[in-house]
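Worksheet: the structure to be examined is printed underneath.
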Amino acid sequence: MLKPILLAVDDDAEVLNAVARDLRSRYAAEYRIVKASSGAEALQATRELKQRCAHVALFLVDERMPAMTGTEFLIEALEMYPDARRVLLTAYADTQTAITAINRIRLDHYLLKPWEPPEERLYPVVDELMRVWRAQARPTFDGIRVCGTPLSAASFATKHFLSANHVTYQWIDLETDASMRALVDSIAPGGARLPVVFFPDGTVLMQPDARELEEKAGLHTRAEQPFYDLIIVGAGPAGLGAAVYGASEGLRTLLVERNAPGGQAGSSSFIENYLGFPEGVSGADLAQRATEQAKRFGAEILTAQEVAEIRRDDPYRIVQLVDGSALRCYAVLIASGVEVRRLDVPGIDAFVGAGVYYGSALTEATTYRDQDVIVVGGANSAGQGALFFSRYARTVTILLRGQSLGQRMSQYLVDRINETANVIVCPHTVVTAAHGTAHLEAITVCDTVTGAARELPAAAMFIFIGTAPRTGMVARLVEREANGFILTGRDVMVDGQRPPGWTAERDPFLFETSVPGVFAAGDARHGSGKRVAAAVGEGSATLSMIHEYLRTV
Ligand SMILES: Cc1cc2nc3c(=O)[nH]c(=O)nc-3n(C[C@H](O)[C@H](O)[C@H](O)COP(=O)(O)OP(=O)(O)OC[C@H]3O[C@@H](n4cnc5c(N)ncnc54)[C@H](O)[C@@H]3O)c2cc1C
């Protein structure tokens, strides 16, 4: 942890050096002594210290400085460090100034120059102030701090990205933290673009995108090698499974992920049906374990890098990234999974990230503590989400089109929901509108049997209404079925004939697409199991086919 700061400010260089020297000789082991020769310089230093998460324990400031008096400096500095102790230095007794300062800034002490000998006139004062300060000081978090307002789409995106990438951060709600609000206002007086993210090295980013965050947080964004045996698109269970086996079997393996490792499974609050975890496992935990395992075997993982297109340049496969760069390899595995379908009702788009969330936005659960939230959907992911949010929210209302939960949800989840008092199930109900001002406040729902409409209060709505495959990057390369799922193996054969453009002297392998050397596994593949275990199994099983293919190139 950084040492707390004692900040001395005086425009007289001789006095400043003397006070800094005396402070250092007694307090250097526990505190860092910082000097500033004017109010403006001291304010700048204070801002930088706050940006770096340092604690200021004491301001020891000359009152009579040109341009900005000590009291004027303290008024601004204390907005950022309200708990710091404050001492004014003056050359002569000035009772009126002391009285004013005591009232305006709750001055702790008024110290006359010179303070010789310090053992009698300086140290007893500072010792006592530091004793009081230490008793009140809260430990500082010296990692990344994300400052924003809770119901904001951009703040949500930043928090979600960092947590999905297992980057620890501290969330600071600017509506309740006046000292950070003062810092943010002083950095961007015209109004900052929120969230503002402070890094321990002092860097400040306003409303950063995934790439900026990733670079600053030290995640991996650039491929290290010019060429790979295997490039995997998507780091969900299928992609991670393939990466573990690919790398462990000696293939130069690169995994490219547009967001963070884990995929849909990473957003699951609790996976109870995955082999080997009888007590269940959180999606984030599973994703982190798999990522570490893949890396340990030597797989390279790029995150916040989206694949735009995959092309064929025989015998190579070219993976074009959204940032314009292109990667080359022999074989590609598409493990890009699916994304949650959008709910198309009036008013909803304005609240995405501000009360409306697609999928399980686990980071937001505490924001809605003791409030009424809605879960839309009737399958397992909706059930898991409802149970998770029921631990925080006052009520969780599940809206489902069907007649009962049992139609699409596993029985163990239905049983749990029935046992949970604050979860309410509304069958044959659909959402028809979303309302609110800055964030979601209510929704209109309609009973599909009676046609009756009613309004429900809704602090948040988490939507799990089916999925669509993310396979646009191969739309011009491989055969897909009508909904966009990738066809593989037998499904690409038409009347026993190999697909058009097929060049190999064999039929496509089980998980091979209509282009030799381009494979698909997991939820993006037509006919896949749509489960974590199925995706891991397919991703791993693809490796034997990829090895076979590589023998021919
Ligand atoms: C909330 C929730 C709870 C669930 N709970 C369970 C459960 O308890 N048990 C169970 O068995 N199953 C569960 N499932 C289903 C399970 O998570 C999925 O079947 C599984 O994750 C599919 O894995 P996948 O690797 O095929 O795809 P995904 O998990 O969808 O991963 C695909 C990855 O590819 C990335 N990607 C997509 N396009 C690109 C691109 N162009 N460039 C780079 N990267 C890209 C995505 O960002 C994503 O990370 C749950 C799903 C959800 C949403």
Identify the heavy atoms of [X] and [Y] that sit nearest to each other, and give their distance.
X	Y	value
E364	P150	OE1-O, 4.0 Å
F388	A365	CE2-CB, 3.6 Å
A192	M206	CB-SD, 3.9 Å
W133	V56	NE1-O, 3.7 Å
P237	A265	CG-CB, 3.6 Å
G39	F73	O-CD1, 3.7 Å

#### Entry: Residues L183, R47; criterion side-chain contact (heavy atoms from CB on, under 4.5 Å); working and verdict
CA-CA 6 Å; L183 175 65; R47 240 175 251 129; 3.6 Å; yes
Taking [X] for the side chain and [Y] for the main chain, is one N or O donor matched with an acceptor at less than 3.5 Å?
X	Y	answer
E48	G202	no
D173	E175	yes
Y123	D22	yes
T46	A42	yes
K50	M80	yes
S155	S152	no
Q207	L194	yes

No-hydrogen, no-angle side-chain donor-acceptor test under 3.5 Å, [X] and [Y]:
X	Y	result
T395	D372	yes
S410	N380	yes
Q264	S268	no
H435	T444	yes
T71	E63	yes
N422	T420	no

### Message
I'd like to check F161 versus L219 (side-chain heavy atoms, cut-off strictly below 4.5 Å). Are they in contact?
### Response
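Yes, close enough: below the 4.5 Å cut-off.
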### Message
Contact between D415 and I417 at the side-chain level, heavy atoms closer than 4.5 Å - yes or no?
### Response
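The answer is no; the side chains never approach within 4.5 Å.
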Within a radius of less than 6.0 Å around [atom1] of [X], do more than 12 heavy atoms belonging to other residues, nucleotides or ligands occur?
X	atom1	value
R104	CZ	no
N418	CG	yes
K295	NZ	no

Quick test of your reading of the model: are [X] and [Y] salt-bridged, counting only N-O distances below 4.0 Å?
X	Y	answer
R134	E30	yes
R416	E419	no
K35	D10	no
D127	R131	no
D323	R222	yes
K216	D201	yes
R181	D185	yes
D108	R85	yes
R531	D523	no

### Query
Should the pair R86 and F59 be classed as cation-pi, given the thresholds of under 6.0 Å to the six-membered ring centre and 45° from the axis?
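Not flagged: R86 not positioned over aromatic ring of F59.
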### Query
Looking at Y358, does the NZ or CZ of R342 lie under 6.0 angstrom from its six-membered ring centre and within 45 degrees of the ring axis?
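Yes - R342 lies over the ring of Y358, closer than 6.0 Å to its centre and within 45° of its axis.
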#### Entry: Residues that R32 engages under side-chain contact (heavy atoms from CB on, under 4.5 Å), provided they are two or more places apart
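For R32 the side-chain contact (heavy atoms from CB on, under 4.5 Å) partners, ignoring immediate neighbours, are K3, I5, V34, L49.
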#### Entry: Aromatic ring pairing F277/Y274, orientation class (parallel under 30°, perpendicular over 60°, tilted between)
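Ring orientation of F277 relative to Y274: parallel.
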### Query
What class does the angle between the rings of F462 and F389 fall in, given that below 30° is parallel, 30 to 60° is tilted and above 60° is perpendicular?
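The arrangement is parallel - the two ring planes meet at less than 30°.
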